[in-house]
Peer 1: 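There's a structure below that I have some questions on.
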Number of protein chains: 2
Amino acid sequence: MLSFTEENYLKCIFKLTEKTNHRVSTNAIAKVTGSSAASVTDMLKKLAEKELVDYARYKGVHLSPTGRHIATQLVRKHRLWEVFLVDKLGFSWDEVHDIAEELEHIKSDLLIERMDQFLGLPKFDPHGDPIPTASGKFTIRQQVPMNKASQGQRLVVLGVQEHSKAFLRYLDNLSIHIGTQLVIQEKNSFDQSMKVLIDDKHSQLLGEHICKKLLVNEI
Amino acid sequence: MLSFTEENYLKCIFKLTEKTNHRVSTNAIAKVTGSSAASVTDMLKKLAEKELVDYARYKGVHLSPTGRHIATQLVRKHRLWEVFLVDKLGFSWDEVHDIAEELEHIKSDLLIERMDQFLGLPKFDPHGDPIPTASGKFTIRQQVPMNKASQGQRLVVLGVQEHSKAFLRYLDNLSIHIGTQLVIQEKNSFDQSMKVLIDDKHSQLLGEHICKKLLVNEI
DNA sequence: TTTTATTTTTAGACTAATCAAAATTTATTT
DNA sequence: AAATAAATTTTGATTAGTCTAAAAATAAAA
Ligand SMILES: [Mn+2]
Ligand SMILES: [Mn+2]
Ligand SMILES: [Mn+2]
Ligand SMILES: [Mn+2]
């Protein structure tokens, strides 16, 4: 049985290696966990001992198949709990992450499978992130940052690349959420801002930051 | 912020002092937590330092008002989660305790108030135990162990005084649960067994143990 | 290819929670 | 009231997780 802390390290390594699949450095882990490099080294040795990571001194780590499986299930639990909090308890998408950080460590396979059923087998969480299946498969979708779209295109919002409360609340205020339709009315090359029509109701100028962090697909 | 362990000690002291309201001894706590008396002493000193218990060397402890409030809220969370697991996720009453033991430590007042609403402000948990309100009030009901009832009485099952899986499963097999109606057909004084009619459907002989642990009220 | 800078590990120490064994206090018998 | 028994605390250790500071390895620059 893994501790809370061990689980968090595995999830952290998973997130850091998700895209590249390269080994991740001690310092990179220390940075995101907010702990010292010395603590990270200690933990990596422990995880290596348990064969959850492949660790080589001074060379960084990557997850073993077992380690990856555990990390994936943590992500599954985290995202299913987020769906529950939003869909069933009426939380908004900027309020759920911290609570899900705690709930993801509850140890019961049956619980999470029942929850999955109860929620209607959702494929994506409230932030548009895919929920891995019990066997660890992620649904892949066509989606691009909105700044890659062209003038005149009609888009649907599929996700966000930033999860900060401030960012999510800002989108809320603009009535932009997962599923919102956007039409690109103008692209301003000088500052990368875009004027978009939101859900065919109102026009809004969006800054470069938002345009890069909104994930969309053409419809 | 209290640790899991500190919370568990408070809940344990609460349960041990609930009825009598007397000070509880180090050994009594050690017995139910399964830890050594030495560990209990250490923890009591820590809780006293935080003013959550009133502790006197060699004299035992009782909860301070703050300590009692925290313990009550833990009980509230535990029981609300049990209702959720049974009512919403379809768990049976013998499966929920261990999961609720973990869930009760999730730290979010908003979560538990939303959950309470979502569940329809339940007053009792799946075992018939009262769910304290956010302000710490327990609903009190008239209820007695079934062995105190008389021949011919019609009763409704309100609770159980034992929560073991084996006991709860045994009741399940007899179709006895919270709300079940029972009519006392015979009381056998020689062995304290009773013959009861269950939900006006079938007759069953119940042994002394069950008769003492079933909490009922006349209707 | 040395030298310097950066990264990573090791060494030593701290807190929380735990235990067994020894010491102390309280309770119970003689 | 003294002796004995039982309960409780203290002492000294252990494990998990953490840290800072020193040492070692690797990477970058001269
Ligand atoms: Mn999240
Ligand atoms: Mn999410
Ligand atoms: Mn319970
Ligand atoms: Mn219960």
Side-chain angles (χ1 to χ4, degrees), chain A residues 1-14 16-17 20 22-63 67 70-71 74 101-102 104-107, chain B residues 1-17 20 22-63 66-67 70-71 74 101-102 104-107:
Chain A
M1 185 90 354
L2 296 184
S3 72
F4 214 84
T5 312
E6 290 169 320
E7 288 190 341
N8 280 336
Y9 271 92
L10 288 179
K11 198 166 55 115
C12 169
I13 298 167
F14 177 77
L16 285 169
T17 50
T20 63
H22 280 104
R23 300 181 81 88
V24 62
S25 74
T26 301
N27 264 1
I29 297 169
K31 196 160 192 174
V32 304
T33 59
S35 45
S36 72
S39 303
V40 174
T41 299
D42 284 349
M43 181 55 82
L44 294 184
K45 287 195 282 193
K46 185 154 60 124
L47 293 175
E49 189 58 42
K50 296 188 175 187
E51 300 190 47
L52 298 170
V53 298
D54 173 1
Y55 167 64
R57 252 158 87 259
Y58 292 102
K59 303 289 181 184
V61 273
H62 68 91
L63 293 173
I70 292 169
L74 286 166
E101 270 316 285
E102 294 188 51
E104 74 193 9
H105 299 287
I106 303 294
K107 298 201 168 39
Chain B
M1 185 93 347
L2 297 184
S3 70
F4 269 42
T5 312
E6 291 169 319
E7 289 190 340
N8 281 335
Y9 272 91
L10 288 180
K11 198 166 54 115
C12 168
I13 298 167
F14 178 76
K15 281 177 186 293
L16 285 169
T17 49
T20 62
H22 279 105
R23 299 181 81 88
V24 61
S25 73
T26 301
N27 265 2
I29 297 168
K31 197 160 193 176
V32 303
T33 59
S35 46
S36 72
S39 303
V40 174
T41 299
D42 284 349
M43 181 56 81
L44 294 185
K45 286 195 283 193
K46 185 153 61 121
L47 293 175
E49 189 59 41
K50 296 187 176 188
E51 300 191 46
L52 299 170
V53 298
D54 172 2
Y55 168 63
R57 254 158 86 260
Y58 293 103
K59 304 289 180 184
V61 274
H62 68 90
L63 294 173
T66 313
I70 293 170
L74 286 166
E101 262 330 274
E102 294 188 51
E104 75 192 10
H105 299 288
I106 302 295
K107 292 188 173 46

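Predicted model, so just to flag it, every value in this text is computed and none were measured. Letters A, B, ... are given to chains in the order of the sequence lines, protein chains preceding strands, and every chain is numbered from 1.
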Peer 1: Output yes when at least one side-chain N/O atom of Asn27(B) is less than 4.0 Å from OP1 or OP2 of dT8(D), else no.
Peer 2: yes

Peer 1: Going by modelled atom types, is there a donor-acceptor pair between the base of dT24(C) and the side chain of Tyr58(B) at under 3.5 Å?
Peer 2: yes

Peer 1: With respect to the phosphate group of dT26(D), does any side-chain polar atom (N or O) of Arg57(A) fall under 4.0 Å of OP1 or OP2?
Peer 2: no

Peer 1: In whole angstroms, how far is the C1' atom of dT10(C) from the CE atom of Met43(A)?
Peer 2: 17 Å

Peer 1: Rounded to the Å, how far apart are Ile29(B) CD1 and dT8(D) C1'?
Peer 2: 12 Å

Peer 1: Measure across Tyr55(A) and Ala48(A) and return the closest heavy-atom pair with its distance rounded to 0.1 Å.
Peer 2: CB-CB, 3.9 Å

Peer 1: For Asp42(A) and dT9(C), give me the distance from atom CG to atom P, rounded to whole Å.
Peer 2: 10 Å

Peer 1: Rounded to whole angstroms, how far apart are OH on Tyr55(A) and C1' on dA25(D)?
Peer 2: 12 Å

Peer 1: From C-beta outward on Thr41(B), which listed nucleotide comes closest to its side chain: dT10(C), dT9(D), dC19(C)?
Peer 2: dT9(D)

Peer 1: Closer to the 5' end of DNA chain D via nearest nucleotide, is it Lys59(A) or Gly34(A)?
Peer 2: Gly34(A)

Peer 1: In the strands shown, is dA5(D) matched to any nucleotide by a Watson-Crick or G-U wobble pair with both distances under 3.5 Å, and which?
Peer 2: dT26(C)

Peer 1: Angle between ring planes, Phe4(A) versus Phe4(B), binned at 30° and 60°: parallel, tilted or perpendicular?
Peer 2: perpendicular

Peer 1: CG of Leu44(B) versus P of dT18(C): gap in Å, rounded?
Peer 2: 12 Å

Peer 1: Would you indicate what Ser35(A) reaches in the nucleic acid, counting non-hydrogen atoms under 4.0 angstrom: base, sugar-phosphate, or nothing?
Peer 2: sugar-phosphate

Peer 1: Which whole-number value in Å describes the distance from Lys45(B) NZ to dA16(C) C1'?
Peer 2: 14 Å

Peer 1: Taking all non-hydrogen atoms of both residues, which atom of Lys59(A) and which atom of Arg23(A) are closest, and how far apart?
Peer 2: O-NE, 3.1 Å

Peer 1: Side-chain N or O of Ser39(A) less than 4.0 angstrom from OP1 or OP2 on dC19(D)?
Peer 2: yes

Peer 1: Quick check on side chain to side chain contact (heavy atoms under 4.5 Å, CB included): which of Thr26(A), Val61(A), Asn27(A), Ile13(A) does Val40(A) satisfy it with?
Peer 2: Thr26(A)

Peer 1: Kindly say if Thr26(B) contacts the phosphate of dT9(D), meaning a side-chain N or O under 4.0 Å from OP1 or OP2.
Peer 2: yes

Peer 1: NZ of Lys31(A) versus C1' of dT7(C): gap in Å, rounded?
Peer 2: 13 Å

Peer 1: Out of dT9(C), dT8(D), dA20(C), which has the shortest distance to the side chain of Ser25(B)?
Peer 2: dT8(D)

Peer 1: Where do His105(A) and His105(B) land on the side chain to side chain contact (heavy atoms under 4.5 Å, CB included) test, with the steps shown first?
Peer 2: CA-CA 11 Å; His105(A) 299 287; His105(B) 299 288; over 6 Å; no

Peer 1: Leu47(A) has an atom CG; how far is it from atom P of dA16(D), in whole Å?
Peer 2: 12 Å

Peer 1: Under 4.0 Å between a side-chain N/O of Tyr9(B) and OP1 or OP2 of dA16(C), yes or no?
Peer 2: no

